[in-house]
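Below: the structure, in structure tokens.
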Number of protein chains: 2
Amino acid sequence: MLEAAEKKPRDTREKILAVAEAAVLAKGFASTSIEELIAAVGITKSGFFYHFKDKGELAKAMMLRYIEQDTKVLNDIFQRGDELHDDPLHGFLVGLKLFAEMFANLPEAHPGCLAASFCYQDQLFNGEIRDLNAASVLAWRKRFRERLELIAKTYPPKQPVDFEALADMAASSVEGGLILGRLLKDQTILPRQILLYRDLVRATFASD
Amino acid sequence: MLEAAEKKPRDTREKILAVAEAAVLAKGFASTSIEELIAAVGITKSGFFYHFKDKGELAKAMMLRYIEQDTKVLNDIFQRGDELHDDPLHGFLVGLKLFAEMFANLPEAHPGCLAASFCYQDQLFNGEIRDLNAASVLAWRKRFRERLELIAKTYPPKQPVDFEALADMAASSVEGGLILGRLLKDQTILPRQILLYRDLVRATFASD
DNA sequence: GACCTACTGTACCACGGGTACAGTTGCGCA
DNA sequence: TGCGCAACTGTACCCGTGGTACAGTAGGTC
């Protein structure tokens, strides 16, 4: 009876999450109605509540999905950077360049960061989701901080450096660049912010 | 009959806007109910709709109020910076330091940026509000870009510089710093991001 | 005493989140 | 061949909130 035999288990759940992410990034979580999600996916309300016991569970699943995708992208990009360069500093700089290029080459504007969206509506969510969100930022901090300190072993900076802040600035540049890019409808803003961050990293460890 | 004779015209309107801003930054615009605003201010629903014909007009008034306050703060800070230093570069660097200190010395965590909050819910608003929001970012860009180009006349940078991106990075650092600060509940993140931006500006025009 | 500003009071509707639960369909498996 | 399970559908219903509509009123000003 079904014209599509390609249906896999969990497929619907994934579709709901994808549609929900796009909607939340455009309108916020509260104004994303379950009604519109089921209409877009082509299921009924009962179908939705089969997958998620309430809207809060949807939020949690969205966050987990986002963090997973995010981690994978970062891993890929910076691994490729390191493959192109043995040196910790130059591998990192190549990684940052690849990162900027990835955003520059997106077919359309980046829809935004779910962590930022949730952050500006955090009273809607329970502590579990806020903790997930904080953990994802700490993962960025750890990743970049460890790299920066590794670089500092080979290239000791002449000035004292706030490594934590410099690590955070990677995430901060992305968040800031996404917001400005959206507000001005200019896709070039985000990659250029990342390249400026790259300039700062290079200047921090400059050997001249 | 009224125990308070201190009531001034427009006072209620201002109270509504202040309460609404705090609520929107905590929960988002959509989930900020008119009900809770009037409860906090102590008026009735009819009183609310006397001041704003609908929720959209409230949003517009919030945005206008936010932009006005924002402009005033920036003017004050960077004017003081320039009073302390004649040189365009060093006046700017002092201004950035004052800016960072302002955030560091806030009695409690900065509640967030209304422009960012609206940005992540922009489908809720009409074009007028989105235009206001974009204009406020362009005002930051213009302010910082003009200053950077002025500095470049005295301190020509040795490397080519993306002045637009470097100007945008001021706003971007604030937006990014606010988000990270909120997510990690750490008030020091934002001022430290601004100080890193200051480092980048200094390095860009370094004469050594 | 007329007029204006800044409200109050009352009544009402539509929509969406959420609950409850019974029924159905197709697939894997014994 | 039939059993059970995952993944739904169908129906019915409650309630809170945004939003509309509009009439009334208290206090100050000219």
Side-chain angles (χ1 to χ4, degrees), chain A residues 1-24 26-62 65 118 121 123-126 129, chain B residues 1-24 26-62 65 117-118 121-126 129:
Chain A
M1 195 69 83
L2 284 175
E3 58 269 39
E6 77 253 23
K7 250 191 165 179
K8 293 165 213 154
R10 294 264 144 182
D11 201 33
T12 301
R13 190 186 147 95
E14 170 60 24
K15 268 191 214 161
I16 295 173
L17 289 172
V19 171
E21 183 171 311
V24 166
K27 300 181 304 190
F29 186 75
S31 25
T32 295
S33 72
I34 294 174
E35 214 74 29
E36 73 177 283
L37 298 181
I38 63 180
V41 174
I43 54 168
T44 62
K45 213 176 201 180
S46 315
F48 174 88
F49 284 105
Y50 170 76
H51 289 287
F52 308 100
K53 81 167 206 284
D54 57 24
K55 228 185 160 191
E57 273 222 345
L58 172 68
K60 184 181 161 192
M62 289 174 70
R65 179 174 173 270
F118 277 27
Q121 300 167 75
Q123 291 309 307
L124 299 179
F125 307 112
N126 59 35
I129 292 174
Chain B
M1 196 70 82
L2 285 173
E3 58 269 42
E6 78 256 21
K7 248 191 165 179
K8 291 165 214 154
R10 295 263 143 183
D11 201 33
T12 301
R13 190 185 146 96
E14 171 60 25
K15 268 191 213 161
I16 295 172
L17 289 172
V19 170
E21 184 171 311
V24 166
K27 300 182 303 190
F29 185 75
S31 26
T32 294
S33 73
I34 294 174
E35 214 76 30
E36 74 179 282
L37 298 181
I38 63 180
V41 174
I43 53 170
T44 63
K45 213 174 203 181
S46 313
F48 174 88
F49 284 106
Y50 169 76
H51 289 289
F52 308 100
K53 82 169 205 283
D54 57 24
K55 231 187 158 190
E57 273 222 346
L58 171 70
K60 184 181 161 191
M62 289 174 70
R65 177 174 175 273
S117 171
F118 276 27
Q121 299 168 73
D122 62 0
Q123 291 309 306
L124 298 179
F125 307 112
N126 58 36
I129 291 172

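In what follows, every chain begins at residue 1, and chains take the letters A, B, ... in the order their sequences are listed.
- Between I16(A) atom CD1 and dA7(D) atom P there is a gap of 12 Å when expressed in whole angstrom units.
- The side-chain contact (heavy atoms from CB on, under 4.5 Å) test applied to V41(B) returns T12(B), K15(B), I16(B), V19(B), I43(B), not counting sequence neighbours.
- Residues that satisfy the side-chain contact (heavy atoms from CB on, under 4.5 Å) test with N126(A), not counting sequence neighbours, are E128(A), I129(A).
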Would you list the protein and nucleotides 19-24 of chain C atom pairs, both N or O, that sit under 3.5 Å from each other?
none

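- One interatomic measurement links the two molecules: OH of Y50(B) to P of dA23(D), which rounds to 18 Å at whole-angstrom precision.
- Closest to the side chain of T44(A), from the set dC7(C), dG10(D), dA6(D), is dG10(D).
- Distance, D11(B) CG to dT5(C) P: 17 Å, rounded to whole Å.
- For dA7(D), neither phosphate oxygen OP1 nor OP2 lies less than 4.0 angstrom from any side-chain nitrogen or oxygen of H51(A).
- Residues from residues 26-40 of chain B lying near DNA chain C, meaning a heavy-atom separation below 4.0 Å, are absent.
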- CA sep, side-chain torsions, deciding dist, call: I38(B), F49(B), side-chain contact (heavy atoms from CB on, under 4.5 Å): CA-CA 10 Å; I38(B) 63 180; F49(B) 284 106; over 6 Å; no

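- Atom CZ in F52(A) sits about 14 Å away from atom P in dG17(C), given to the nearest Å.
- Residue pairs meeting the salt bridge (charged side-chain N to carboxylate O under 4.0 Å, His left out) criterion with at least one partner in residues 46-57 of chain A, sequence neighbours excluded, are absent.
- By the side-chain contact (heavy atoms from CB on, under 4.5 Å) test, A26(B) is found to be paired with Q123(A), residues two or more places apart in sequence or in another chain being considered.
- For F125(A), the ring-ring contact (aromatic ring centres under 6.0 Å, His included) partners at least two apart in sequence or on another chain are F29(A), F118(A).
- For residues 30-50 of chain A, the set of pairs meeting the side chain to side chain donor-acceptor pair (under 3.5 Å) definition, not counting sequence neighbours, comprises K27(A)-E36(A).
- Atom NZ of K15(B) and atom P of dA6(C) are 14 Å apart (whole Å).
- Among residues two or more places apart in sequence or in another chain, the salt bridge (charged side-chain N to carboxylate O under 4.0 Å, His left out) test is passed with R65(A) by E14(A), E21(A).
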